[in-house]
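Notes for the one structure printed next.
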Amino acid sequence: MFRKLEFKTWLKELSLPVRQAGLPDSGQEHKIQTYSAEEGDEALRQISASKKEIVILVDCSSEVWPQVKLNGFYLSFKNSEVGTLPPTQINRLRQILEDEEISKITHDFKTLLIALKENHIEIKGKVFDTLLAAYLLDPAKVNFSLEELSWEYLGSYSNMQLDETAKTDAVFKLKPILEAQLKEKELLELFFKVEMPLAAVLAGMELKGVKIDTGVLKELSVKMQTRTQELIEKIYALAQEEFNINSPKQLSRILFEKLKLPVVKKTKTGVSTDEEVLNKLASQHPLPAMLLEYRQLVKLTSTYIDALPELINPSTGRVHTSFNQTGTETGRLSSSSPNLQNIPIKTELGRRIRRAFVASNQNFSLLCADYSQIELRILAHLSGDENLIRAFKKDEDIHKLTASLIFNQKITEVTNEMRDTAKRVNFGIIYGISAYGLAKDLGVGQEKAQDFIDAYFLRYPKVRNLCDAQIKKARKDGFVTTILGRRRYLPQINSANNTLRQFAERQAINAPVQGSAADLIKLAMINIQRGLDRKKLQSRLTLQVHDELVFDCPDAEVNQMQELVRQTMENVLPLSVPVKVSITAGKNWLDAH
DNA sequence: CTATCCTGCAA
DNA sequence: TATTGCAGGATAG
């Protein structure tokens with residue numbers, strides 16, 4: 001079946017030999033032929049003169065990679081293969097791709113841009129990406145391959161992988177269909193003003209990457225190895241035998257059979273040994289606490305401390321994350337290889353890992369810009385709740401306000417503990433609260449949790465109205481929308497199965513909030529990049545973590561950047577509450593926070 | 001070798 | 001049985 005392709009090979013040096021070029025033999029079907037360099041040149045000349053819309057594809061799953069296919073023509077380029085494209089052909093190709101009058105259709109624009117960047121070729125003119133179009137039409141889809149889209153939109157199913165010609169044809173045929181559906185669903189503006197330009201911004205971010213200080217990691221690695229070894233020995237001693245600590249199965253035998261500790265909860269296949277369980281057992285035996293430390297150490301070592309250096313591109317000395325623009329159902333980005341959106345921050349060891357993410361050199365700093373409570377502000381905007389709006393307008397401590405409302409106390413009498421509870425309730429609302437979930441998070445009974453929820457809705461009545469309205473809309477229309485009209489379909493919303501239906505109801509509440517926040521930051525990224533280009537600054541956007549942007553800036557630009565970034569992020573879309581951004585700078589990702 | 005489970009990190 | 005993700009290691013087939 002489908003397998004996600006990780007796109008890590010783009011770093012390889014690229015030459016551009018023309019391997020094959022094909023001309024349409026009857027207008028509809030494209031026949032692939034092998035051309036000589038001179039014939040290839042003539043083919044390119046014809047495209048250039050015709051000004052017709054062309055299809056350009058990069059296929060990184062193919063042995064021949066990357067390939068650039070032009071409608072009616074088929075050109076494939078292979079990395080470091082014998083021979084290079086004659087200069088006249090490179091120029092012809094550039095002429096076509098940089099021709100404002102020639103519209104382009106792509107499937108995965110971001111990857112194409114990265115491939116071409118190596119050859120110093122840009123894309124100009126109107127671009128339509130079938131991948132991004134299909135994503136907006138149905139973000140729940142996991143597979144956006146041309147095989148899948150052909151089946152869905154063209155009604156032509158094939159078990160087999162489409163060959164290059166068939167893919168070109170598919171893209172060519174998909175475009176008008178997808179465009180018409182975008183129009184019908186009022187997604188064209190989101191498509192052309194947000195997702196398409198964002199693809200170019202993401203290409204730039206991936207190319208730029210982020211610098212890693214391997215010295216910091218190396219030092220940590222040595223320390224962690226020593227400590228892990230100590231822990232392993234202590235654990236074996238307490239268990240009175242050696243076993244695989246990483247195996248939940250073997251571990252549960254030690255904990256629950258040999259040491260006879262009480263079973264706290266079960267998983268599908270056995271007895272649970274997760275963090276929650278070990279925390280509860282910690283008061284009864286010294287082993288669980290050691291296991292917790294061991295787990296944290298092993299996790300952080302294998303996932304970051306030892307893994308990050310392996311991901312450094314030797315030719316740039318930097319880590320180049322992949323930002324997936326079609327990976328979430330709400331409109332957020334996801335990141336992989338490495339996933340930079342879950343680098344630890346809460347524990348001391350985690351923070352040390354953040355120290356390894358550094359600015360380009362000693363004359364540069366990392367600038368972090370965080371949206372402050374963006375999801376709650378969006379909740380205020382979408383619901384129109386007076387209490388929330390007033391609080392944000394006065395820049396009050398929103399968690400403290402919620403505490404005073406649900407505990408019925410004066411603001412001045414709110415304790416830290418009350419504030420913490422209120423903060424969790426605020427988060428719960430955004431997730432589409434349930435008494436069960438909130439109770440688990442707060443560590444209280446379900447009745448108590450339900451009291452908090454009732455008190456919350458009593459004090460923020462319009463938030464309840466919003467939740468009800470979103471669920472109602474989902475039932476009626478089958479989807480909910482964000483501020484920019486991004487859709488999320490919720491087919492389970494009318495399910496007879498309570499669990500499934502309630503899950504969909506929570507998603508109906510969460511998706512517009514999470515998705516609108518994604519809309520905002522995506523637009524901000526595009527606008528900031530335009531500002532950087534216009535002002536010809538050397539600062540570069542390198543990371544996005546949902547509500548945070550990280551820039552690599554020359555120290556001389558830091559002040560100017562703060563202003564540009566703040567202004568852009570705070571004013572990207574007018575909400576009925578102020579949007580607040582906090583900005584900090586430092587030599588590494590930790591100090592920049 | 002691939003798929004799935006368990007675990008745990010982030011916003 | 002709180003939302004959205006990615007990833008490593010163990011294990012089953």
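Residue Asn510(A) is classed as a sugar-phosphate contact, given heavy-atom separations below 4.0 Å to backbone atoms only. Within 4.0 Å (heavy atoms only), Phe503(A) reaches sugar-phosphate atoms of the nucleic acid but no base atom. Nucleic acid contact class of Ile433(A) (heavy atoms, under 4.0 Å, all strands): base. When heavy atoms are screened at a 4.0 angstrom cut-off, Asp441(A) is found touching base atoms of the nucleic acid. Within 4.0 Å of Gln502(A), counting heavy atoms only, lies no atom of the nucleic acid at all. As judged by a 4.0 angstrom heavy-atom cut-off over every strand, Ile509(A) is placed among residues making no nucleic acid contact. Nucleic acid contact for Gly428(A): base, since at least one base atom lies under 4.0 Å from a heavy atom of the residue. If you check every strand for non-hydrogen atoms under 4.0 Å, Glu548(A) touches nothing. Nucleic acid contact class of Gln446(A) (heavy atoms, under 4.0 Å, all strands): none.
Taking atom CD1 of Ile378(A) as the reference point, atom P of dA11(B) lies 17 Å away to the nearest angstrom. Between the P atom of dT1(C) and the CD atom of Glu276(A) lies a distance of 15 Å, rounded to the nearest Å. The interatomic distance linking Tyr294(A) (OH) with dG8(B) (P) rounds to 13 Å, in whole Å. As a whole-Å value, the separation of Asn324(A) CG from dA7(C) P is 10 Å. Whole-Å rounding puts the Asn342(A) CG to dG8(B) C1' distance at 9 Å. Atom CZ of Phe243(A) is separated from atom P of dT11(C) by 12 Å (rounded to the nearest Å).
Between dG8(C), dA2(C), dT11(C), one nucleotide has an atom nearer to the side chain of Arg424(A) than all others, and that is dA2(C). Of all nucleotides listed (dA10(C), dA2(C), dT7(B)), dA2(C) comes nearest to the side chain of Ser434(A). Distances from the side chain of Arg332(A) to the nucleotides dT4(C), dT3(C), dA10(B) place dT4(C) closest. Residue Lys249(A) has its side chain nearest to dA12(C) when only dG5(C), dA12(C), dT1(C) are considered. Taking the side chain of Pro248(A) as heavy atoms from C-beta on, and the options dG5(C), dC6(B), dG8(B), the nearest nucleotide is dC6(B). Closest to the side chain of Thr328(A), from the set dT11(C), dC6(B), dT4(C), is dT4(C). Of the candidates dT3(C), dA10(C), dA10(B), dA10(B) carries the atom nearest the Pro344(A) side chain, counting heavy atoms from C-beta on.
Closest approach of Gly327(A) and Ser334(A) over heavy atoms only: CA-OG, 4.2 Å. Here the closest heavy-atom approach between residue Val545(A) and residue Leu340(A) is recorded as CG2-O, 4.1 Å.
For the pair Tyr436(A) and dT1(C), the ring geometry does not qualify as stacking, because the centroid separation below 5.5 Å and plane angle under 30° are not jointly satisfied.
A close approach under 4.0 Å does occur between a side-chain nitrogen or oxygen of Lys440(A) and OP1 or OP2 of dA2(C). One finds a side-chain N or O of Ser334(A) lying less than 4.0 angstrom from the OP1 or OP2 phosphate oxygen of dC6(C). Distances shown here put a side-chain N or O of Thr269(A) below 4.0 Å from the OP1 or OP2 atom of dC6(B). Contact check, Lys268(A) against dT4(B): no side-chain N or O comes under 4.0 Å of OP1 or OP2. Between dC6(C) and Ser337(A), no contact under 4.0 Å exists linking OP1 or OP2 to a side-chain N or O. Checking the phosphate oxygens (OP1, OP2) of dT3(C), no side-chain nitrogen or oxygen of Arg488(A) falls inside 4.0 Å. Contact check, Asn244(A) against dA10(C): a side-chain N or O comes under 4.0 Å of OP1 or OP2. Side-chain N/O atoms of Ser302(A) include none lying less than 4.0 angstrom from OP1 or OP2 on dA7(C). Neither OP1 nor OP2 of dA11(B) sits under 4.0 Å from any side-chain N or O of Thr330(A). Checking the phosphate oxygens (OP1, OP2) of dT4(C), a side-chain nitrogen or oxygen of Gln507(A) falls inside 4.0 Å.
Comment: Arg501(A) engages Glu505(A) in a salt bridge, judged by a side-chain N to carboxylate O separation of less than 4.0 angstrom. Between Glu195(A) and Lys110(A), none of the side-chain N atoms (NZ, or NE/NH1/NH2) sits under 4.0 Å from a carboxylate O, so this pair counts as no salt bridge.
When the P atom is used for both dT1(C) and dC5(B), the distance is 14 Å, rounded to whole Å.
For dA10(C), the base has no donor-acceptor partner in the side chain of Asn246(A) [N/O atoms by modelled type, under 3.5 angstrom].
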Audit row: Phe407(A), Phe452(A), ring pair (Phe, Tyr, Trp, His ring centres under 6.0 Å) steps and yes/no | CA-CA 8 Å; Phe407(A) 288 105; Phe452(A) 285 134; 5.4 Å; yes

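Centroid-to-centroid, the aromatic rings of Tyr456(A) and Tyr460(A) come within less than 6.0 Å.
Judged by distance alone, with hydrogens and angles left aside, the side-chain atoms of Glu570(A) form a donor-acceptor pair with the main-chain N or O of Val581(A) at under 3.5 Å.
Annotation: side-chain hydrogen bond (donor to acceptor under 3.5 Å, both in side chains) contacts involving residues 288-298 of chain A, sequence neighbours excluded, comprise Arg227(A)-Glu293(A), Asn246(A)-Tyr294(A), Thr273(A)-Arg295(A), Gln296(A)-Thr347(A).
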